[in-house]
Amino acid sequence: MVTMDRAHAPSAPPRAVIASGTGRYADPWHPFPATSRRIAGALRADGWEVTVDDDVDHALARLDGVDLLVVNAGDPWRDGDTPLEHRRDADADAGLRSAIARGIGILAVHAALATLRDHPAWREAIGGAWEPGRSWHPPIAEVRVPVVDPGHPITAGSSGFDVFDERYSDLAVDDDVRVLAVHEVDGVRHPAVWVREEPTRAVVSSLGHDERAYDSPELVALLQRAARWAARV
């Protein structure tokens with residue numbers, strides 16, 4: 001397991017960067033500025049130094065000294081239903097690969113399952129993706145999210161929680177991830193939260209469509225624990 005060298009003194013707060021969707025990383029469905037503010041607030045309340053960067057490529061290219069990368073952004077390959085040019089920013093790709101190689105923690109939130117498609121290292125790190133033509137979600141609603149692995153530090157002692165959210169279903173999820181929580185649609189269980197430890201520690205939460213999701217104190221607490229586990233702080 002790769003261990004990251006902290007670029008700041010041990011007594012300093014851990015550093016997080018939230019790459020928040022605007023421009024080609026925005027979409028008509030997700031209020032990324034609002035949800036990024038809520039995520040930033042949750043992390044700051046837990047002792048983090050947080051930067052919200054609304055230029056995703058800029059954020060990825062400047063991860064030196066950062067303990068945690070949070071991605072809260074949309075699909076760069078389409079604008080609504082309109083396909084867009086596939087374009088990989090070389091500096092962003094190099095920055096992401098370098099950060100993963102040194103062991104940066106990753107927290108991928110909701111639409112992050114459909115973003116950074118130009119960067120194969122992202123898909124490898126998080127162990128899953130929204131697959132167009134296969135993945136879908138029922139109408140947004142108040143839902144129960146059962147915990148299926150209460151032995152992990154992120155979900156320790158929890159049986160589940162309630163949240164007003166979308167339920168991403170039929171995602172492409174790798175067999176070797178560790179699923180912590182699920183949701184159910186028509187009697188079928190789907191992964192909702194999972195972790196992966198190679199090539200770096202990553203936590204994926206398919207939850208967090210809009211601000212109402214972050215009104216769930218249990219989801220906020222889960223993300224706080226997820227951030228510390230991913231970054232080893």
Checklist entry - Any donor and acceptor pair, going by atom type alone, linking the side chain of T115 with main-chain N or O of D75 inside 3.5 Å? => result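 Between the backbone of D75 and the side chain of T115 there is no qualifying donor-acceptor contact (under 3.5 Å).
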Item to check | Close side-chain approach of V193 to V147, heavy-atom, < 4.5 Å | outcome: no
Item to check | Heavy-atom side-chain proximity of P120 to R97 below 4.5 angstrom | outcome: yes
Item to check | Nearest heavy atoms of E211 and R38, plus distance in Å | outcome: O-NH1, 3.5 Å
Item to check | Residues D46, R225; criterion salt bridge (charged side-chain N to carboxylate O under 4.0 Å, His left out); working and verdict | outcome: CA-CA 9 Å; D46 198 39; R225 294 191 297 271; over 6 Å; no
Checklist entry - Rounded to the nearest 0.5 Å, what separation is found between the NE2 atom of H183 and the OG atom of S169? => result 3.5 Å
Next on the checklist: Listing request: all side chain to side chain donor-acceptor pair (under 3.5 Å) pairs with a residue in residues 48-60, at least two apart in sequence or in separate chains.
Outcome noted: R24-D57, Y25-D57, D53-H58, H58-R62
Next on the checklist: Tell me whether L222 shares a hydrophobic cluster with F164, the cluster being built from Ile, Leu, Val, Met, Phe, Trp, Tyr side chains joined at under 4.5 Å.
Outcome noted: no
Checklist entry - So how far is it from W130 CH2 to W136 CH2, rounded to the nearest 0.5 Å? => result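 With rounding to 0.5 Å, CH2 (W130) is 9.5 Å from CH2 (W136).
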Checklist entry - Does R189 use its side chain to pair, donor to acceptor, with the backbone of V182 at less than 3.5 Å? => result no
Next on the checklist: So which atom in A112 and which in W122 form the shortest heavy-atom distance, rounded to 0.1 Å?
Outcome noted: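 Here A112 and W122 meet closest at O-NE1, 3.2 Å.
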Checklist entry - Does the Q224 side chain pair with the main chain of A42, one donor and one acceptor, at a distance under 3.5 Å? => result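 Here the side-chain-to-backbone pair exists.
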Next on the checklist: I'd like to check R201 versus V203 (side-chain heavy atoms, cut-off strictly below 4.5 Å). Are they in contact?
Outcome noted: no
Next on the checklist: Looking at D170, is its backbone amide N or carbonyl O close enough to the side chain of R134 to form a donor-acceptor pair, meaning the two atoms are under 3.5 Å apart?
Outcome noted: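 It does hold such a pair.
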Next on the checklist: Give me the atom names and distance for the closest heavy-atom approach of I104 to L68.
Outcome noted: CG1-N, 4.0 Å
Checklist outcome for this item: CG (D162) and CG (L219) are apart, to the nearest 0.5 Å, by 11.5 Å
Checklist entry - So how far is it from S205 OG to D165 CG, rounded to the nearest 0.5 Å? => result 7.5 Å
Next on the checklist: Pair I126, L116 - check side chain to side chain contact (heavy atoms under 4.5 Å, CB included), show working.
Outcome noted: CA-CA 11 Å; I126 67 172; L116 302 187; over 6 Å; no
Checklist entry - Does the side chain to side chain contact (heavy atoms under 4.5 Å, CB included) test come out yes or no for S159 and R144, once each step is laid out? => result CA-CA 10 Å; S159 61; R144 181 70 178 173; 3.7 Å; yes
Next on the checklist: Less than 4.5 Å apart, side chain to side chain, heavy atoms only: is that true for I100 and I106?
Outcome noted: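 In short, these two side chains touch, coming nearer than 4.5 Å.
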Item to check | L69 and L60: CA distance, side-chain angles, deciding distance, side chain to side chain contact (heavy atoms under 4.5 Å, CB included) verdict | outcome: CA-CA 8 Å; L69 169 63; L60 298 182; 3.9 Å; yes
Item to check | Minimal non-hydrogen separation, S135 against A129, with atom names | outcome: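 Here S135 and A129 meet closest at OG-O, 4.2 Å.
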Item to check | CG on D93 to CG on D118, rounded to 0.5 Å | outcome: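 Between atom CG of D118 and atom CG of D93 there are 8.5 Å.
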Checklist entry - Can you find a pair of side-chain heavy atoms, one from L207 and one from L223, that are under 4.5 Å apart? => result no
Item to check | Nearest heavy atoms of V52 and S36, plus distance in Å | outcome: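 For V52 and S36, the tightest heavy-atom pair comes out as CG1-CB, 4.1 Å.
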Checklist entry - Going from CZ on R228 to CG on D67, what distance comes out if it is rounded to the nearest 0.5 angstrom? => result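 Between atom CZ of R228 and atom CG of D67 there are 10.0 Å.
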Checklist entry - Do the side chains of W77 and L171 join up, straight or via other hydrophobic residues, at under 4.5 Å, putting them in one cluster? => result no
Which pairs of donor and acceptor atoms, one on a side chain in residues 172-181, lie under 3.5 Å apart (sequence neighbours left out)?
from: D174; atom 1: OD1; to: R123; atom 2: NH1; distance (Å): 3.4
from: D174; atom 1: OD1; to: R123; atom 2: NH2; distance (Å): 2.9
from: D174; atom 1: OD2; to: R123; atom 2: NH1; distance (Å): 3.2
from: D174; atom 1: OD2; to: R196; atom 2: NH1; distance (Å): 2.8
from: D176; atom 1: OD1; to: R196; atom 2: NH2; distance (Å): 3.0
from: D176; atom 1: OD2; to: R196; atom 2: NH2; distance (Å): 3.0
from: R178; atom 1: NE; to: D149; atom 2: OD2; distance (Å): 2.5
from: R178; atom 1: NH2; to: D149; atom 2: OD1; distance (Å): 3.4
from: R178; atom 1: NH2; to: D149; atom 2: OD2; distance (Å): 3.1

Checklist entry - Quick one: ring pair (Phe, Tyr, Trp, His ring centres under 6.0 Å) partners of H30, sequence neighbours excluded? => result F32, H110, H209
Item to check | For L113 against S206, the heavy-atom pair lying closest together | outcome: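 So the minimum-distance heavy-atom pair works out to CD1-CB, 3.9 Å.
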